[in-house]
Engineer: 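Take this structure, written in structure tokens, and hold onto it; I'll ask about it next.
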Amino acid sequence: MYPVLADIEIPLAEVLSSMEIEGIRLDAAALHSFGEELLPKIDGLAGEIYAAAGHEFNIGSPKQLSVVLFEELGLPAGKKRKTGYSTDADTLEALRDKHQIIPLIFEYRTLTKLYNTYVRGLEAAVSPDGRMHTTFKQTETRTGRISSAEPNIQNIPVRTEIGRNFRKFFVADEGNLLADADYSQIELRVLAHLSGDKAMIKTFCEGGDIHTETAASVLGLPPEWITPEQRRSAKAVNFGIVYGIGAFSLAKDINVSVAEAKRYIDDYLTHYSGVREYMDKVTKSAEKDGWAVTMFGRRRFIPEILSTNKTVKALGKRIAMNTPIQGTAADIIKIAMVRVYRRLKAELPEARLILQVHDELIVEAPEEKAAQAARILTEEMQGAVKLAVPLTADAKEGRSWYEAH
DNA sequence: CGATCACGC
DNA sequence: GCGTGATCG
């Protein structure tokens with residue numbers, strides 16, 4: 001049988017089933033009162049927006065909003081959509097200082113998103129046992145990741161402080177704690193390993209900050225000279241390489257011209273020449289075979305790479321470059337999950353693996369056993385596979401997901 | 001149900 | 001890049 005199937009997916013099925021059945025406790029009362037605090041704020045913002053527009057309208061309708069912004073208020077329109085002018089975040093960001101209504105729209109969107117998707121969505125998903133039991137889908141993604149639905153616990157906010165609050169409502173049961181461990185930069189470490197790039201391997205082996213080191217080596221400066229701005233750009237390029245976004249999207253992400261973004265990527269690949277050779281190798285092999293493959297033999301077919309349409313073919317190439325990275329990272333955490341599950345069963349049966357969020361695992365354990373659970377998590381995650389670079393996972397314990405992460 | 005927007009990794 | 005989900009029309 002195929003190793004990915006026999007050694008990873010089939011053993012994993014039992015682990016996922018157990019995680020779904022266990023679920024995670026939700027503090028429904030606290031979630032509800034958080035929602036009750038959001039509602040008057042949303043109301044107040046709507047009032048301010050109507051006042052700024054001069055009349056009421058449906059702020060949630062991009063079509064109506066574009067009429068207000070670009071026809072009535074006369075703001076400069078940007079990208080055209082099928083149904084009108086775009087009102088997405090990038091477009092509004094460019095207009096932020098042009099009219100008082102713009103920041104209000106941003107805040108309104110943030111709060112309604114939090115209320116509709118997370119307050120109402122999560123409230124609807126609490127079971128009679130006071131816990132949420134997501135569905136982990138094992139065969140939904142093209143890269144080999146698992147996905148989560150009803151509720152999706154893999155897109156709970158973390159970036160903004162107000163959104164991060166939701167993690168306070170995911171709590172350990174009485175007398176228990178959550179132990180949370182996440183891989184540090186797993187995709188870039190996988191890239192360093194798969195490509196064998198000397199400079200990237202060296203950075204990870206010496207334990208430096210990868211984004212600062214990237215900026216330093218690409219720009220030919222000492223790491224201590226790297227400005228926050230230079231680090232941000234390097235981070236965006238690393239991000240782009242890992243996700244296979246290409247110059248066009250990178251340009252959008254860091255607000256530079258496409259030509260500049262191309263140059264960033266080219267400079268990057270000149271300094272990480274092993275990565276360039278690796279990217280050439282995987283795109284060539286995808287063109288020849290029609291698929292990309294992960295370190296453990298998981299295949300993804302890429303018909304796009306034979307397209308005569310330039311844009312589609314370029315997409316095929318990015319898929320060929322990205323899939324081995326994202327897919328190998330998915331393989332690795334799956335291996336770790338099976339190992340954590342087995343070890344807990346054997347050594348710490350009071351503890352339960354309950355959540356996976358792509359590069360992060362969460363175990364619920366009795367207070368006095370949480371440190372041991374965290375140790376098992378770290379050991380099995382770090383030891384899941386031997387790479388040319390260290391694979392590190394940082395663990396933390398807490399009463400809630402907010403505290404433990 | 002497609003389009004648009006926004007949250008995560 | 002890969003997902004899920006809300007709302008609109």
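Here the structure is a predicted model, which is why all the values come from computation and not from measurement. The figures that follow rest on heavy atoms only: side chains count, while hydrogens, waters and symmetry mates do not. In the text below, chain A, chain B and the rest are named by the order of the sequence lines, each starting its count at 1.
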Engineer: Kindly indicate, with the supporting measurements, whether the criterion salt bridge (charged side-chain N to carboxylate O under 4.0 Å, His left out) is fulfilled by A:Arg318 and A:Glu304.
Structural biologist: CA-CA 10 Å; A:Arg318 294 201 300 276; A:Glu304 294 90 342; over 6 Å; no
Engineer: Tell me, with the steps shown, if A:Arg276 and A:Asp266 meet salt bridge (charged side-chain N to carboxylate O under 4.0 Å, His left out).
Structural biologist: CA-CA 9 Å; A:Arg276 190 195 292 278; A:Asp266 197 62; 3.2 Å; yes
Engineer: For atom NZ of A:Lys63, decide whether the heavy atoms of other residues, nucleotides or ligands shown that lie under 6.0 angstrom number more than 12.
Structural biologist: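 12 or below, so no.
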Engineer: Decide if atom CG of A:Asp394 counts as having more than 12 heavy atoms of other residues, nucleotides or ligands within a radius under 6.0 Å.
Structural biologist: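 More than 12 within 6.0 Å, yes.
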Engineer: Hey, is the side chain of A:Gln64 poking within less than 4.0 Å of OP1 or OP2 on C:dG9, counting only N and O atoms?
Structural biologist: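 For C:dG9, OP1 or OP2 has a side-chain N or O of A:Gln64 closer than 4.0 Å.
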Engineer: Under 4.0 Å from OP1 or OP2 of C:dT7: is there any side-chain N or O of A:Arg120 that close?
Structural biologist: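 Yes.
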Engineer: State whether the number of non-hydrogen atoms from other residues, nucleotides or ligands found under 6.0 Å of A:Lys386 atom NZ is greater than 12.
Structural biologist: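 Open.
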Engineer: What is the distance from CZ of A:Arg318 to C1' of C:dC2, rounded to the nearest Å?
Structural biologist: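 In whole Å, C:dC2 C1' lies 13 Å from A:Arg318 CZ.
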Engineer: What are the residues of residues 130-142 of chain A, sorted by number, that bring a heavy atom to within less than 4.0 Å of DNA chain C?
Structural biologist: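 A:Glu140, A:Thr141, A:Arg142 - these, ordered by number, are the residues of the stretch whose heavy atoms sit under 4.0 Å from the strand.
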Engineer: Tell me whether the count of non-hydrogen atoms from other residues, nucleotides or ligands lying under 6.0 Å of OH in A:Tyr278 goes above 12.
Structural biologist: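 Yes, OH of A:Tyr278 has more than 12 neighbouring heavy atoms, counting only those of other groups under 6.0 Å.
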Engineer: According to salt bridge (charged side-chain N to carboxylate O under 4.0 Å, His left out), who are the partners of A:Arg96, at least two apart in sequence or on a separate chain?
Structural biologist: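 Only A:Glu93 meet the salt bridge (charged side-chain N to carboxylate O under 4.0 Å, His left out) criterion with A:Arg96.
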Engineer: In B/S/- notation, 5' to 3', how is nucleotides 2-8 of chain B contacted by protein heavy atoms closer than 4.0 Å?
Structural biologist: -SSSBBS
Engineer: Counting only non-hydrogen atoms, which of residues 233-270 of chain A are less than 4.0 Å from DNA chain B?
Structural biologist: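 Nucleic-acid contacts, sorted: A:Tyr243.
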Engineer: Tell me whether the OP1 or OP2 atom of C:dG9 has a side-chain N or O from A:Ser61 closer than 4.0 Å.
Structural biologist: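 Affirmative; the distance criterion is met.
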Engineer: Quick one: is A:Asn116 getting a side-chain N or O under 4.0 Å of the C:dT7 phosphate, OP1 or OP2?
Structural biologist: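 Checking A:Asn116 against C:dT7: at least one side-chain N or O falls below 4.0 Å of OP1 or OP2.
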Engineer: What are the residues of residues 29-57 of chain A, sorted by number, that bring a heavy atom to within less than 4.0 Å of DNA chain C?
Structural biologist: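 Within this stretch, nothing sits under 4.0 Å of the strand.
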Engineer: Only counting residues at least two apart or in another chain, list the ones meeting side-chain hydrogen bond (donor to acceptor under 3.5 Å, both in side chains) with A:Glu347.
Structural biologist: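 Per chain and number, A:Glu347 pairs via side-chain hydrogen bond (donor to acceptor under 3.5 Å, both in side chains) with A:Arg343.
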Engineer: Could you go through A:Arg145 and A:Gln154, starting from their C-alpha distance and side-chain angles, then the distance that decides it, and tell me whether this counts as side chain to side chain contact (heavy atoms under 4.5 Å, CB included)?
Structural biologist: CA-CA 11 Å; A:Arg145 280 184 171 181; A:Gln154 295 182 320; over 6 Å; no
Engineer: Looking at A:Thr143, does any N or O in its side chain come under 4.0 Å of the phosphate oxygens OP1/OP2 on C:dC2?
Structural biologist: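 False: A:Thr143 side-chain N/O out of range (4.0 Å or more) of C:dC2 OP1/OP2.
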